[in-house]
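What follows is a set of notes on a single structure, which appears directly below.
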Number of protein chains: 2
Amino acid sequence: MDMSQRKLEILKAVIDDYIVSAVPVGSRTISRKYMPNFSSATIRNEMADLEEMGLLTQPHTSAGRIPSDRAYRLYVDQLMGGEAMLTKEDVAAIRQAVNRRTDEMEEVIRRTASVVSELTHYTALVLAPQLRRMTLRRIQLVGLTRGTALVVIVTDAAVAKDSIIRVPESLDDDDLAEISRRLTQRFAGHALTDVDVNMVPGMSDELRRNRDFFHSLMTVLEDTVVQNDGGEVVMDGAVNIFNYPEYQDAERAKAFLQFLHTRDRLYRMLAGRTKREYSITIGEENAEPDLQDCSLVTATYRVGNRPVGSIGVIGPTRMNYPRVMQVLRLMGRSLGETFAQVLHEDREDQ
Amino acid sequence: MDMSQRKLEILKAVIDDYIVSAVPVGSRTISRKYMPNFSSATIRNEMADLEEMGLLTQPHTSAGRIPSDRAYRLYVDQLMGGEAMLTKEDVAAIRQAVNRRTDEMEEVIRRTASVVSELTHYTALVLAPQLRRMTLRRIQLVGLTRGTALVVIVTDAAVAKDSIIRVPESLDDDDLAEISRRLTQRFAGHALTDVDVNMVPGMSDELRRNRDFFHSLMTVLEDTVVQNDGGEVVMDGAVNIFNYPEYQDAERAKAFLQFLHTRDRLYRMLAGRTKREYSITIGEENAEPDLQDCSLVTATYRVGNRPVGSIGVIGPTRMNYPRVMQVLRLMGRSLGETFAQVLHEDREDQ
DNA sequence: TGTTAGCACTCGAGAGCATAGAGTGCTAAC
DNA sequence: GTTAGCACTCTATGCTCTCGAGTGCTAACA
């Protein structure tokens, strides 16, 4: 059986309708609303073919048709167009989320998640810029009380992270400044993952004397990379799932929300997708069993040319893909520009 | 109608049973399981009285009885005993949550919420130590790139907060150190809410020259107090609500989860309760309409003698109050001790 | 006077059944 | 190739019936 143009047209109509109605679509609906030139009987024949091809399914004999995961895949790859364009308000909301002046990266990320979930009515995920993909610009140790210090790690995209460590009481502020200077001199321009205290020239004497200190310093640096990479997934709009009839069942809603609760899995999902600009996984294409009746759409965002993080949306497979992709595209670009801007300003200052 | 001892006993039995079963309790159940010396008929008469007194209600004529909010109030105030003691494992879990060596206050708070929700199976809330209740120990400005600096605010309970600000490019590291020194000298020992740059002696010349800078510095300090106070409510175990039959209905679960999503309301609720060691509001005692079929139990925790934050549990009015209170009591103390310990160590250092 | 056995009564949950309506597949005619 | 017509299927809905848990009341009992 070959795939005629008309079959594709019918398939698209079924999906478009099902996306908004969530109710199995019958041949008469298609005939009336989408293709009045053909009778329901004609559509019916075609739909039977589409079912045989594995693109449509029937929940039961006398019900309409529902698109299969494969159908959504086809839809996403070939069928869907630019329908559901963003309105001026949408665009404004996106711009505003990232453009409000702030140096708090976390805050920008949170607003991003909030706006994406609001505009799409699905659950939004944002993977914060990943440190391991950034280069170090500066390490600064700041004495707090005697015996403790703050480690501030500055990267090329934004100030990233700080952490408190114990330091030998023998070190005074000047010592810390000197250590900071050397570490910075040695590592500025390197990826964070490369940092290794043994590489610091002229540090070996101090190293020997203050073994414990440097050890904990390294632990902090490593933790910073690891923790940040594992922890910085921001989510918003999880309750949106209740808007969709497929999750009116408390059991399913619970399973979904519980899945979202395991940040590390979310992280792995998002982090594994930063290679391509967009990534869409539909239903059973998802490796996670709890996600096999959902779709996940992600877009990476870039600082300069480097992809540093990603934004994603989770919703039912019956998702408004065109709109979601448009939101993610614009949001990703805006976010990247914002981070790049911070970078740029800093460069100008120097 | 007067309240006999036996009526109280029956009421307690009804509540104890309903707390675990979630099913209206009949007279026969009470007679068999709790008071075999009396027949179901006797219990029945007493229950009818209790209903007339507004302590029990019937969902419909031929069903058992359910405790009213007033009954829970009575139970909490007079009836409940020390049943459901914490096990050794419970105690260990609580201790471990706060004792693991860390200087990251946020991390301790998160673990606290996690353990409380795990041990109680309800939703846990933790209000982080409130800055406005702390005294300042040190303000430190750290130059990052030229034109930006990190403001670190150290309080007497823990390092609290840092934030990035723009600074005049004319200021070098020494200037920042000097400003930090003066601010610290002037404000150490004061409550954070008192901080006002105009009060700094000898600062007026610089103030005039660097108006914008000081303005933004003050903004940061104020924001730090406000933001921290408004934002630092950590929640865990929200999905636990699905464990309870009264929330099997997706609509109710949604309403509950949506309510938890508005952090500022949670904040106000928790912050308004730091005067008394414990606070229990049951059902309609709650001002928030969305919470009127829930109970909220909170306990404050103290650093030294000052209450600085609180821990809370939200669940159905049919809540295991004794256990929840025991968990909160121990957790509150442990948390207070942990923060006090940080304080103590710092003092030793000086 | 307090307690209890007995009994009629009430109400909701759940099973069983009939009906309406949406949608299908197939056939025959255009 | 398209379509009208029709028998068929299946679900959702509403109705009735029954079962069982629990009640309130009365009368007997200690």
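Throughout, a chain's letter reflects where its sequence line sits, starting with A, and its residues are numbered from 1.
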Check ion pair [X]-[Y] (N to O, under 4.0 angstrom):
X: Arg73(B); Y: Glu285(B); value: yes
X: Arg110(A); Y: Asp236(A); value: no
X: Asp293(A); Y: Arg252(A); value: yes

Exercise. How are the rings of Tyr321(B) and Tyr72(B) set relative to one another: parallel (under 30°), tilted (30 to 60°) or perpendicular (over 60°)?
Worked result: tilted

Rounded distance (Å) that lies between atom [atom2] of [N] and atom [atom1] of [X]:
X: Glu52(B); N: dT23(D); atom1: CD; atom2: C1'; value: 15 Å
X: Ile10(B); N: dT23(D); atom1: CD1; atom2: P; value: 12 Å
X: Ile43(A); N: dG23(C); atom1: CD1; atom2: P; value: 14 Å
X: Asn45(B); N: dG2(C); atom1: CG; atom2: P; value: 11 Å
X: Glu51(B); N: dG24(D); atom1: CD; atom2: P; value: 7 Å
X: Leu56(B); N: dG22(D); atom1: CG; atom2: P; value: 15 Å
X: Glu46(B); N: dT3(C); atom1: CD; atom2: P; value: 7 Å
X: Asp17(B); N: dG22(D); atom1: CG; atom2: C1'; value: 14 Å

Problem set entry | For DNA chain C, the residues among residues 21-42 of chain B that have a non-hydrogen atom under 4.0 Å from it | Asn37(B), Phe38(B), Ser39(B), Ala41(B), Thr42(B)

Exercise. Is there side-chain contact between Tyr75(B) and Leu11(B), with at least one heavy-atom pair below 4.5 Å?
Worked result: no

For this session: Would you indicate whether the side-chain heavy atoms of Gln58(A) and Ile66(A) approach each other to under 4.5 Å?
Result: no

Distance-minimising heavy-atom pair for [X] and [Y]:
X: Ala124(B); Y: Ala113(B); value: CB-O, 3.3 Å
X: Gln326(B); Y: Leu86(B); value: OE1-N, 3.2 Å
X: Arg273(A); Y: Thr300(A); value: O-CG2, 3.5 Å

Exercise. Which residue, Lys33(B), Arg65(B), Arg28(B), Arg318(B), forms the salt bridge (Lys or Arg N to Asp or Glu O under 4.0 Å) with Asp17(B)?
Worked result: Lys33(B)

For this session: Walk me through it: do Tyr247(A) and Phe242(A) pass the test ring-ring contact (aromatic ring centres under 6.0 Å, His included)?
Result: CA-CA 6 Å; Tyr247(A) 287 89; Phe242(A) 286 105; 8.7 Å; no

Exercise. Which string of ( ) [ ] | and . matches DNA chain C, if you list each base 5' to 3' and count Watson-Crick or G-U pairs only when both distances are under 3.5 Å?
Worked result: ||||||||||||||||||||||||||||||

What are the atom names and distances for every N/O pair under 3.5 Å that joins the protein to nucleotides 6-15 of chain D?
from	atom 1	to	atom 2	distance (Å)
dT9(D)	O2	Ser62(A)	OG	3.0
dC10(D)	OP1	Thr61(A)	OG1	3.4
dC10(D)	O4'	Ser62(A)	OG	3.2
dC10(D)	O2	Ser62(A)	OG	3.0

